[in-house]
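Along the sequence shown, residues are numbered consecutively beginning with 1. Counting convention: from 1, in listed order, for ligands and their atoms alike.
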Amino acid sequence: MSYQPNPDVIKPATPSTVALARGSLFKFVFLLAGVFLLAAYLLMFLARDLDHTEELESAFYTEKAMRSLEKTLTVTVKDYAFWGDAYRYLHLKVDPDWAFVRQNIGSTLYSDFGFQGVFVIDDADRTVYAVVEGELEKADAEPWLGPARDLLLARAREGAETETPFTAFIDLNGTPALVAAAAITPGTDPSVSADDRLHSVLIFVDVLDDAKLAVLGKEYGVEGLHVATPDERQQVSIFPLGEGGAAGALHWTPPAPGQRLLALGLPLIGLAAALVCLMTWAILRRTTAAARSLDDSYASLQKSESALATSEARFRDVVEASSDWVWEIDSEGRFTYLSDRFECVTGLHRTQWIGALMDDLLQTELGQVSQWLAIPNRRPDITIQCRYLETCGRERISRLSARAMVAGGFRGTATDVTEEVEARRRIEFLSQHDALTGLPNRVRLQEFLDGKLKALPTLDSPLVMLSIDLDRFKPVNDLLGHAAGDRVLNDVSSRLSDCVRHGDLVARVGGDEFVLILSEAQTQDEVESLCRRLIESIERPVLIDDQEIFVSASIGIAMAPTDAREAAELLRYADIALYEAKAGGRGTWRFYAGDMNARIIERRRLESDLRYAIKHNELRLHFQPRFRIADGEMVGAEALVRWQHPQRGLIPPDTFIPIAEESGLIIPLSDWVMTQACSEAARWPKQLFISINLSPAEFKRGNLPARIQFALKATGIEPSRVELEITEGVMIEDAVGALDVMRTLKQLGVRIAMDDFGTGYSSLSYLRTFPFDGLKIDRSFLTRLSESEGDRSIVQAIVGLGRALSLTVTAEGIETAEHVQLLKEVECEEGQGYFLSHPLTTSDFHALLAARNTAALGTNV
Ligand code: C2E
Ligand code: CA
Ligand code: CA
């Protein structure tokens, strides 16, 4: 498979479209802003220009108005001054009648022309005629004309010849006034002859008050024409009156079309700019979004292109570097392609397999690979496990994945999972099997049992479950070590497996607990003979380091469907049966019976009854005397507890001691026994001792010495008269702890005897290590004495051993005279048994003591 990089795939980095779109839009916005600014500027320029023109125009009209006023005044004054009658009646003589009364030069000048002042000044410069605001007055023109008077008179007289009046603007107490002065001449009137005197001068004063100016302005289209205030004189639109504005100035409000234009135009431009901004913003948003999506699609395009390149590279890497091999087959199922790894992984040659059928190479659990490939709608993510043979013929396992190719055929990978599958199998095996013995464990048992029970066993073909527990296994572990214990367990496991048929299951479910499931049809007889064989086989000694180890087994049996149909129930019933088998003396078997369950319930009831009994004095003590074998002398007695049950009568200790031990009631029970026994024995003759049984359970509690000390103190008995009987169990549970406790007990001054000697394992080694004062040979030795010569020699050996270790040896269970005889022969020191005396009630024991006393007295006498 070759790989060619696509040259188009890698492109130069380009700025994003978003940035581009934004950039060009911003440029456009700047351009637009420029245009708007220019428009605003032009508008302002235009407005200014317009206003300026208007200003010039209004100034022009103002001037025109003034000129026209001047002209009118000139013409008027000319009409009145260069007039023969005026010369006659106002110069040659002053005739107010003619002038004022007859209205020749009278009030009409005021009412029609608005001249506030009309004066005639004679050759001696006196005011000879005055009409002020239409009224004839004896007024002087002086205050009206001010400093301009002389100039006016002079210039008026100068123009007499040419009949040219003189006009001037003057300042009349702050108000400008236009003054026209003309020398009064006869004019063209030939009837008037002129004199030599200086010309009288006719003066018209036209005061330019605001009202007059307003009318005048209106006439000329000049808005608001008025006398300028000193402030206004600094502004434009000023028309100075008189020389250098000496008479004041006029001011008006020129029309401002530019300002109006601006007031209208600028907001419009602003509005347009705002609209454009808004549009630009909207466009910007759209274009950005569009550009972004364009960018995104471009980016994803780029990404997918580079992803394609990456995936191609990755594929190549995977194909070349992975442990998987890649395959392709055509529509006929023949290999058309196999990757390099094929050879490394399988050790097969590619050339040999190209063209060969895939089915010839790979087999699946479910049939041919081609059948699997042909499954309609087969999910491509589901793989299948295949087997094939390596070159060396070893089977290997591959996980196959396959996808259909468009052109037909399939392509896929094959992953070698041989190790993984083996590891999984191993783990699965380990999780279901016991590491020590390799037997199925509880998990596997449960699975097996569920499967078997699902098949619904019938009465004709029942499912049989045996629950097996080893007897006397714990001491093996404790005394010989765990390695020995493991050996025994392994031996037992293979013996169990040897006893069952193929298809049965042997599982180890606990330390020394096993469960057997028999699935073949079994009759009760067959099951019993199997149990017998199992026990026999287990009881065969296990040889470890030249030492023979003996274990036994108890078996409980439950059957489906008779006893139960469910796994848990079946297991429980088998366990109950096992419990019964153990209670029945071990080394035996019991079938589950309905009443066993009842017995367990019964046991519970007994427990609560016992609790009550201890508190309410239902316990009794019996005493079994112990005698010296040699002369039959009573040396002491063993205290044996009984329970006087109100309904059940007298119950023997074997029934309730185990219950007391299991429930913890053994402590109060034993306390009662100790106090009772000691206080009783305290009243016996001094040479008699009392022997008290202790349970191994009591040793586990730390306060045993204290309890005994309390009993001794409470009863006042001599400690040397007290013997404690303990069994091997005490040392088996915790040898170190037991030794500790026993040493403490010895310090109290009591004696310690080993009870039931010979039933356990290493009683011998215990005897050497622990501070015993005596041992009691288990009664089973005497029971078997008559049958076996071996037991006889054993008893002899034990007696010898006891003597060697300076222990008082007591034989238990003396039932016959022969027993006594034999014990005498082997020189066993002491003994007890029904032949000598049954355990006695307190009163019977006292009676015996009394009788003995009498007998002794008798012999003595
Ligand atoms: P053990 O200590 O071995 O006590 C001797 C048992 O053997 C007594 O049974 C006694 O009645 C019985 N026995 C005595 N002579 C003969 C005989 O010649 N033949 C036969 N077949 N049996 C004989 P018992 O009283 O039923 O006691 C049974 C066991 O209960 C005792 O065995 C002892 O282990 C336990 N036990 C009794 N009393 C107490 C007690 O106060 N505390 C504790 N912890 N255990 C006690
Ligand atoms: Ca005993
Ligand atoms: Ca005993």
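Residue Glu566 places its CD atom among 12 or fewer non-hydrogen atoms of other residues, nucleotides or ligands, all under 6.0 Å distant. Surrounding CZ of Arg620 are more than 12 heavy atoms belonging to other residues, nucleotides or ligands, all under 6.0 Å away. For Arg707, the CZ atom counts as densely surrounded, since its 6.0 Å shell holds more than 12 non-hydrogen atoms of other residues, nucleotides or ligands.
In this structure, atom 25 (O) of ligand 1 is in close contact with the protein, since a protein heavy atom lies within 4.0 Å of it.
In summary, no N, O or S atom of Asp778 is located under 3.0 Å from the Ca ion (ligand 3).
Between Tyr834 and ligand 1, an N or O atom pair is found at a separation short of 3.5 Å. In terms of polar-atom proximity, defined here as any N/O pair under 3.5 Å, Phe835 makes no such contact with ligand 1. Polar contact with ligand 1: absent for Gln832 (N/O pair, distance under 3.5 Å).
Rounding to 10 degrees gives 170° for the angle at the Ca ion (ligand 2) between OE2 of Glu638 and OD2 of Asp755.
Protein heavy atom closest to atom 20 (C) of ligand 1, with residue, atom name and distance, is Glu815 OE2, 3.2 Å. Closest to atom 2 (O) of ligand 1 among all protein heavy atoms lies Asp755 OD2, 2.9 Å.
Considering Thr816, Asp654, Asn693 only, the shortest heavy-atom separation from atom 44 (N) of ligand 1 involves Asn693. When Ile814, Leu694, Ile692, Val673 are ranked by how near their heavy atoms come to atom 41 (O) of ligand 1, first place goes to Val673.
Checked against a 6.0 Å centroid threshold, the rings of Trp684 and Phe845 count as neighbours.
In Gln624, the part holding a heavy atom less than 4.0 Å from any atom of ligand 1 is the side chain. Contacts of Pro652 with ligand 1, taken as heavy-atom pairs under 4.0 Å, are absent altogether.
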